[in-house]
Colleague: 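Below: one structure in structure tokens.
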Amino acid sequence: MPELPEVETVCRGLDPVMRGRTIVAVDVRRAGLRDPFPKGLAKTLMGAKIAHVMRRAKYILMPMDIDQTLVLHLGMSGRILVQEEGYRPVKHDHLILHLDNGRAIVFNDPRRSGTVFLAKTDSLETHKAFRAMGPEPLSNEFSGPVLASALKGRKTEIKTAIMDQRIVVGVGNIYASEALFMAGISPKRVSGTVQGEKAEALVQAIRQILRRAIKAGGSSLRDYRKADGKLGLFQHGFTVYGHTGKACPGCTCDVGKTGGIKRIVQGGRSTFYCPRKQK
DNA sequence: CCTTGAACCTGCGGGC
DNA sequence: TGCCCGCAGGTTCAAG
């Protein structure tokens, strides 16, 4: 499910509710998700005060006053909702944090591809999960030359490369297709050939698409919800994702003849693009 | 080191 | 109605 815009939206929804709050009860409803929950998770969290909520890549970080940071990842189908006091758990609610303001923070994930772990706050960046990560796409550390250099010599197709979190973080299957369309680059292009102007265009496209998606509160296809339970709206802003056979904007060609937007599979994932506009 | 493909898990929609 | 298939926003691991 969630790519950078969705995770960012969830963090923005959680922060005002959780900032400075103390965890007064922890409901661990199964042994783990993709990975087992840390040993003694409930005991560790009990009584801890959350400093604030922030995002790194597609991870949600909750640094606490115990020198540890609670780290959550939503995987494919995860959501985190703010509920009121007296909330009754439903199917796939796996972890619930009760706060001293009466709110319940509920992590629900049907496919259980999400994860929850604890990491030392002062050495977060050296944690296994973050060590090899590429730059944040919306930061100054991400630029045409930086991307070009990361892609140099790579043989994989560009679509696969920009979803590789070591190249740049936060871009997933939807925004990869959308960004490549915006940049006019074929998803099948050998990534090492994306240099110079092409790399610059792709960087600008990735930034633009992610910013616009954040403004819309992310994209709700099936599972994803904002922390208040409402839908994101950027799915209405897709140009190519899921638009197989439709004309792309401004395309004057006859869709009946050209087939319009095409769906292919790369690395086991669907890719959508316009073979005429993307080279 | 790079690249590829499979695996993890549940749910939904389409075709028969 | 039921069954089977393919598909779904991510990451990790093994093997070549």
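Keep in mind that the numbers below use all heavy atoms, side chains included, and drop hydrogens, waters and symmetry copies. Proteins come first, then strands; the chains are lettered A, B, ... in the order of their sequence lines, and each starts at number 1.
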Colleague: How long is the line joining CZ of A:Phe272 and P of C:dG9, in whole Å?
Modeller: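 My rounded result for the distance is 8 Å.
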Colleague: Rounded off to whole Å, could you give me the CD-to-C1' distance for the A:Glu157 and B:dT4 pair?
Modeller: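 Nearest whole value for this atom pair: 11 Å.
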Colleague: Please name the nucleotide paired to B:dA6 by Watson-Crick or G-U wobble geometry with both distances under 3.5 Å, or report none.
Modeller: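 For B:dA6, the partner nucleotide comes out as C:dT12, under the 3.5 Å rule.
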Colleague: In whole Å, measure the gap between the P atoms of B:dT3 and C:dG9 for me.
Modeller: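 Nearest-Å result for B:dT3 against C:dG9 at atom P: 22 Å.
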Colleague: Taking the ring centre of each residue, are A:Phe130 and A:Tyr59 less than 6.0 Å apart?
Modeller: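 Close enough - the centres of the two rings lie under 6.0 Å apart.
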Colleague: How is A:Arg154 classified with respect to the nucleic acid when contacts are heavy atoms under 4.0 Å: base, sugar-phosphate, or nothing?
Modeller: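 Sugar-phosphate: the residue A:Arg154, judged by heavy atoms under 4.0 Å, touches backbone atoms but no base.
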Colleague: Distance check, P atoms only: B:dA6 and C:dG6, in whole angstrom units.
Modeller: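 That atom pair is separated by 13 Å.
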Colleague: Rounded to whole Å, how long is the line connecting atom CG of A:Leu210 with atom C1' of C:dG9?
Modeller: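 Nearest whole value for this atom pair: 13 Å.
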Colleague: Using whole Å, what does the distance between atom P of nucleotide C:dT12 and atom CE of A:Met163 come to?
Modeller: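 One finds 13 Å between P of C:dT12 and CE of A:Met163, rounded.
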Colleague: Which part of the nucleic acid does A:Gly268 contact within heavy-atom distance under 4.0 Å: base, sugar-phosphate only, or nothing?
Modeller: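 It contacts nothing in the nucleic acid.
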Colleague: Does C:dG9 have OP1 or OP2 under 4.0 Å away from a side-chain N or O of A:Lys58?
Modeller: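 For C:dG9, neither OP1 nor OP2 has a side-chain N or O of A:Lys58 closer than 4.0 Å.
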Colleague: Are the side chains of A:Leu202 and A:Ile158 in contact, using a 4.5 Å heavy-atom criterion?
Modeller: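 Yes. Closest side-chain heavy atoms under 4.5 Å.
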Colleague: Donor-acceptor pair under 3.5 Å: do we get one between A:Arg111's side chain and the base of C:dA8?
Modeller: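 Looking at the base of C:dA8, it does pair with a donor or acceptor on the side chain of A:Arg111 (distance under 3.5 Å).
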Colleague: Taking OP1 and OP2 of C:dG10, is either one under 4.0 Å from a side-chain nitrogen or oxygen of A:His73?
Modeller: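 No, no such contact exists.
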Colleague: Rounding to a whole Å, what distance do you find between A:Asp164:CG and B:dT4:C1'?
Modeller: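 Distance, rounded to whole Å: 13 Å.
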Colleague: Whole-Å distance between C:dG10 P and A:Leu221 CG?
Modeller: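 So the CG-P distance, A:Leu221 to C:dG10, works out to 11 Å.
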Colleague: Tell me the interatomic distance from A:Lys128, atom NZ, to C:dT11, atom P, rounded to whole angstroms.
Modeller: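 Interatomic distance, NZ of A:Lys128 to P of C:dT11: 13 Å.
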Colleague: Could one point to a donor on the side chain of A:Arg112 or the base of B:dC9 with an acceptor on the other under 3.5 Å away?
Modeller: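 Absent.
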Colleague: In terms of side-chain heavy atoms, does A:Asn108 have a donor or acceptor partner in A:Lys91 at a distance below 3.5 Å?
Modeller: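 No pair is found: no donor N or O on one side chain lies under 3.5 Å from an acceptor on the other.
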Colleague: Are the side chains of A:Met182 and A:Thr239 in touch, meaning some heavy atoms are under 4.5 Å apart?
Modeller: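 Counting from C-beta outward, A:Met182 and A:Thr239 never come under 4.5 Å.
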Colleague: A:Lys155 side chain N/O closer than 4.0 Å to the phosphate oxygens (OP1, OP2) of B:dT3?
Modeller: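 No, A:Lys155 has no side-chain N/O under 4.0 Å of OP1/OP2 on B:dT3.
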Colleague: Given B:dC12, is OP1 or OP2 found less than 4.0 Å from the side-chain N or O atoms of A:Arg222?
Modeller: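 So the side chain of A:Arg222 is outside the cut-off, no N or O lying under 4.0 Å from OP1 or OP2 of B:dC12.
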Colleague: Please check the phosphate of B:dC9 (OP1 and OP2 only) for any side-chain N or O of A:His92 closer than 4.0 Å.
Modeller: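 For A:His92, the contact criterion (side-chain N or O under 4.0 Å from OP1 or OP2 of B:dC9) is not met.
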Colleague: Verify the cluster assignment for A:Leu147 and A:Val169: are they in a single hydrophobic cluster under the rule of side-chain heavy atoms below 4.5 Å apart?
Modeller: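 No, it is not one cluster - the side chains of A:Leu147 and A:Val169 are not joined through contacts under 4.5 Å.
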Colleague: Look at the side-chain N and O atoms of A:Ser270 and state whether any lies under 4.0 Å from the OP1 or OP2 oxygen of C:dA8.
Modeller: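 Answer is yes, contact under 4.0 Å.
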Colleague: How far does the P atom of B:dC9 sit from the matching atom of C:dA14, given to the nearest Å?
Modeller: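 To the nearest whole Å, 16 Å.
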Colleague: If I take atom CZ in residue A:Arg166 and atom P in nucleotide C:dT12, what distance separates them, rounded to the nearest angstrom?
Modeller: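 The answer, rounded to whole Å, is 10 Å.
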Colleague: Between A:Lys91 and A:Arg34, which residue's closest nucleotide on DNA chain B lies nearer the 5′ terminus?
Modeller: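 Upstream on the strand: A:Arg34.
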Colleague: Could you walk me through whether A:Glu6 and A:Tyr175 pass the side chain to side chain donor-acceptor pair (under 3.5 Å) test, one step at a time?
Modeller: CA-CA 11 Å; A:Glu6 290 74 33; A:Tyr175 301 112; 2.6 Å; yes
